[in-house]
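What follows is a short report on a single structure.
Lettering of chains follows the sequences in order, A, B, ..., and the numbering in each one begins at 1. What's counted below: heavy atoms across the whole structure, side chains too, no hydrogens, waters or symmetry copies.
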There are 4 protein chains.
Amino acid sequence: MTAPTSRRGRPRGAGTDQAILDAVRALLVEHGYSGLTIEGVAARSGVAKSTVYRRWTTKADLVVDAVVDTLTPLFAAPPDSAPEDLLRALVTALSQPASRAAFLAVISEAAVDPMVHERAATRLIEPSRRLVERCSAGVDTAIDGDLLFDVIAGAVIHHVLVRGLAGDEAFIAGLLGAVSPHRVGAAGS
Amino acid sequence: MTAPTSRRGRPRGAGTDQAILDAVRALLVEHGYSGLTIEGVAARSGVAKSTVYRRWTTKADLVVDAVVDTLTPLFAAPPDSAPEDLLRALVTALSQPASRAAFLAVISEAAVDPMVHERAATRLIEPSRRLVERCSAGVDTAIDGDLLFDVIAGAVIHHVLVRGLAGDEAFIAGLLGAVSPHRVGAAGS
Amino acid sequence: MTAPTSRRGRPRGAGTDQAILDAVRALLVEHGYSGLTIEGVAARSGVAKSTVYRRWTTKADLVVDAVVDTLTPLFAAPPDSAPEDLLRALVTALSQPASRAAFLAVISEAAVDPMVHERAATRLIEPSRRLVERCSAGVDTAIDGDLLFDVIAGAVIHHVLVRGLAGDEAFIAGLLGAVSPHRVGAAGS
Amino acid sequence: MTAPTSRRGRPRGAGTDQAILDAVRALLVEHGYSGLTIEGVAARSGVAKSTVYRRWTTKADLVVDAVVDTLTPLFAAPPDSAPEDLLRALVTALSQPASRAAFLAVISEAAVDPMVHERAATRLIEPSRRLVERCSAGVDTAIDGDLLFDVIAGAVIHHVLVRGLAGDEAFIAGLLGAVSPHRVGAAGS
DNA sequence: CTATAAGCGAGACGGTACGTCTGGTCTTGTG
DNA sequence: CACAAGACCAGACGTACCGTCTCGCTTATAG
């Protein structure tokens, strides 16, 4: 995930990365970010502490990767998807318990630690933004692009992450309707 | 803040609570939630560790109280305020550096620890929600109340907390315009 | 036990001293000297911590008094007693569980703390020494007086305190025989 | 001193045990057993607290080892030594200020804590007993072996540890003479 | 076929902070 | 005044992790 994997020496264990990230997600759900320990991750994944440190330098790095790892496929939606599908992908991705804990942990740390902010911005926030932009492209709205990002991403975050509610079809349709007045079945005038 | 202050024994020091909460806010800004230590709070506020533990049982309790302590006046806007003023109060409240770190930390921990969830919900989230509700009441919108909460609170959270941007007048006006199509000078059709 | 009991104000509680010393002896047997806590003594005797501190300034003082309190009668053997009786009194005194713990604790602390040494010397060690001296006076021995003190007191200490054995009649008779060759029924030639 | 020194993992630091035991002895002399702190031992020996706890589980264990560490060479006297030499070795060993404080501390705790008693019995009392027995073997005495142990060890303890006197040649010769009436130059008839 | 290089588990190491407990002091009320 | 109650500063307790390090061993490629 990190090093360019030089050719000399014994190669890294195959499933080790996955085992570690799985452990991270499980422990995140159980104990939260501040209760997550490298020691615990190593124990849970049956790996030596040094093996974890060899692959990730920081708890924050590790957590970001753990989230990205599950989100990546969902970010890679087909290019011609309908706005509903894109939004549904985002909502579904963030609804996973592990993602929920991890995402909140990451943005919370990012507000305070520039390193985490940097990494989170490129690996988490930007892909989300692109998803929302592709959403907007298919929607007839008068709202400015930057504000639209705040409105759509914010509504999803508040609904799913902060309030912990399920992001069902009604929510998705309602949100799209709220930003696009002329949309069929929408709430606008 | 916590005990019913019985009459027996030596009474608690007068300014001690404030000294501790001040230290918490300062350290929150400097090191973030996970970097905040009770040991550090005690040292910074010139108080024995046991004195902190006597008054607050949990780091989360302490942090919630530290933030609520400064936010309360901001939440108490006059009852007949205009939506802009209410929204501005919310944005201002969340923009305080200490509040930003604390708010995110608290909702992040709340997702995992029911005790924190409980305390945060009543003391932090609910006041915010009431502010948003009073906002909605003064706005001519077609958006459903529950969704409107997600949209307004979410946009503010995303803009101010997640992206770390300043909540200036343009943002406030834009957001109100986005949810209220007929508003003068708004972005709607 | 300490203050000259002035006449002003509320008089000291009657049985309080005894309650405290009883608690000390009980706790000494249960937890030893280093495990003995003023906090624990106060709790056990149903007295406030400050009441204990008002009457004794030091844990060592308290312990010495607690032991002396029970030992005094045992040291007061009739002046014309036989050596056996005197030795038996000494052995009996040191065999009390509380005395055993306290005696060792006190001589151990005395080796390091001059204040303890002072108090222990006058109240505990000296009475023991006088008992041994009266013993020696009644024994027909060729051993020098000073060495005799080491031999008799040492043997008792080693047997009773260090090894924790009961000081029965056989031991008493054996010891007297060992230092007095011509004694009837003694072990010497 | 404790673990069977498995071969896995990073090996333990070479001089660390000695540095710790040295610190223990120094602090025992300065502050006594009850004033001895693991925290202080770690600081004094320039070692982390966890390193001390990794090697000894208990303050008592630590102190026992600190004493045994200085006594061991003296227990290993040549098998054909004269009684005087054996006794002199014992007296010299116990006369070191550190040994004095430590020995008293150990027997004092042993009277109260079975774990300490156990450890002290095997590592301290038994070797001492063997030393005294080898002493007895070279001495013509009529005193029973068990009582002889009490007399010789007791006299040494009382003279050196309790009274804090120097164990000079006169004391050694006098003690051997006291238990062996026919000895050349002895005090017996 | 031997170097050389890296991965890996294990665990020691110097640290920091934890949350608890006790010490000894002090400051209130009540008796 | 004595006393109980209890706040207060100070600091040790024993534990848990931190991130680094040193081992012995394994597994690869490169010469």
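Look at NE2 on His31(C): it is 14 Å from P on dC21(E), rounded to the nearest Å. Atom-to-atom, CD1 of Ile38(C) to P of dA5(F) comes out at 18 Å; the value is rounded to the nearest Å. At whole-Å resolution of the value, CD1 in Ile20(C) and C1' in dA2(F) are 12 Å apart. Rounded to whole Å, the distance from CZ on Arg54(B) to P on dG19(E) is 16 Å. What separates CG of Leu62(D) from C1' of dC13(F) is a distance of 15 Å, to the nearest Å.
In this structure, Ile20(D) and Leu62(D) have side chains that are in contact, with non-hydrogen atoms separated by less than 4.5 Å. Proximity of Arg25(D) to Gln96(D): side-chain heavy atoms (C-beta onward) are nowhere separated by under 4.5 Å. Using a 4.5 Å heavy-atom threshold, the side chains of Phe103(C) and Leu124(C) count as touching.
In the set dT20(E), dC13(F), dC3(F), dC13(F) carries the atom at the smallest distance from any side-chain atom of Tyr53(D). The side chain of Lys49(B) sits closest to dA12(F) out of dG23(E), dA12(F), dG7(E). For Ala48(C), the side-chain atoms get nearest to dA5(F) when compared with the rest of dT22(F), dA5(F), dC9(F).
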Step by step, would you call Glu30(D) with Arg44(D) a salt bridge (charged side-chain N to carboxylate O under 4.0 Å, His left out)?
-> CA-CA 12 Å; Glu30(D) 289 173 28; Arg44(D) 177 83 152 230; 2.6 Å; yes

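Using a 4.0 Å cut-off, no side-chain N or O of Thr51(D) falls inside it from OP1 or OP2 of dA12(E). The side chain of Arg12(A) contributes an N or O atom lying less than 4.0 Å from OP1 or OP2 of dG7(E). For dC13(E), the OP1/OP2 oxygens have a side-chain nitrogen or oxygen of Arg55(D) closer than 4.0 Å. OP1 or OP2 of dA4(F) has not a single side-chain nitrogen or oxygen of Ser50(C) nearer than 4.0 Å. OP1 and OP2 of dA5(F) both lie 4.0 Å or more from every side-chain N or O belonging to Arg10(B). Close to dT28(E), at under 4.0 Å from its OP1 or OP2, lies no side-chain N or O of Arg8(B).
Both Gly13(D) and Glu39(B) lie near DNA chain E, and the one whose nearest nucleotide falls closer to the 5' end is Gly13(D). Checking Pro11(A) against Thr37(D), the closest nucleotide of DNA chain F that is more toward the 5' end is the one next to Thr37(D). Comparing Gly46(B) and Lys59(D) along DNA chain F, the residue whose closest nucleotide (by nearest heavy atom) sits nearer the 5' end is Gly46(B).
Counting any heavy atom pair closer than 4.0 Å across all strands shown, Gly40(A) reaches no nucleic acid atom.
For His31(A), the NE2 atom sits in a packed shell: over 12 heavy atoms of surrounding residues, nucleotides or ligands are nearer than 6.0 Å.
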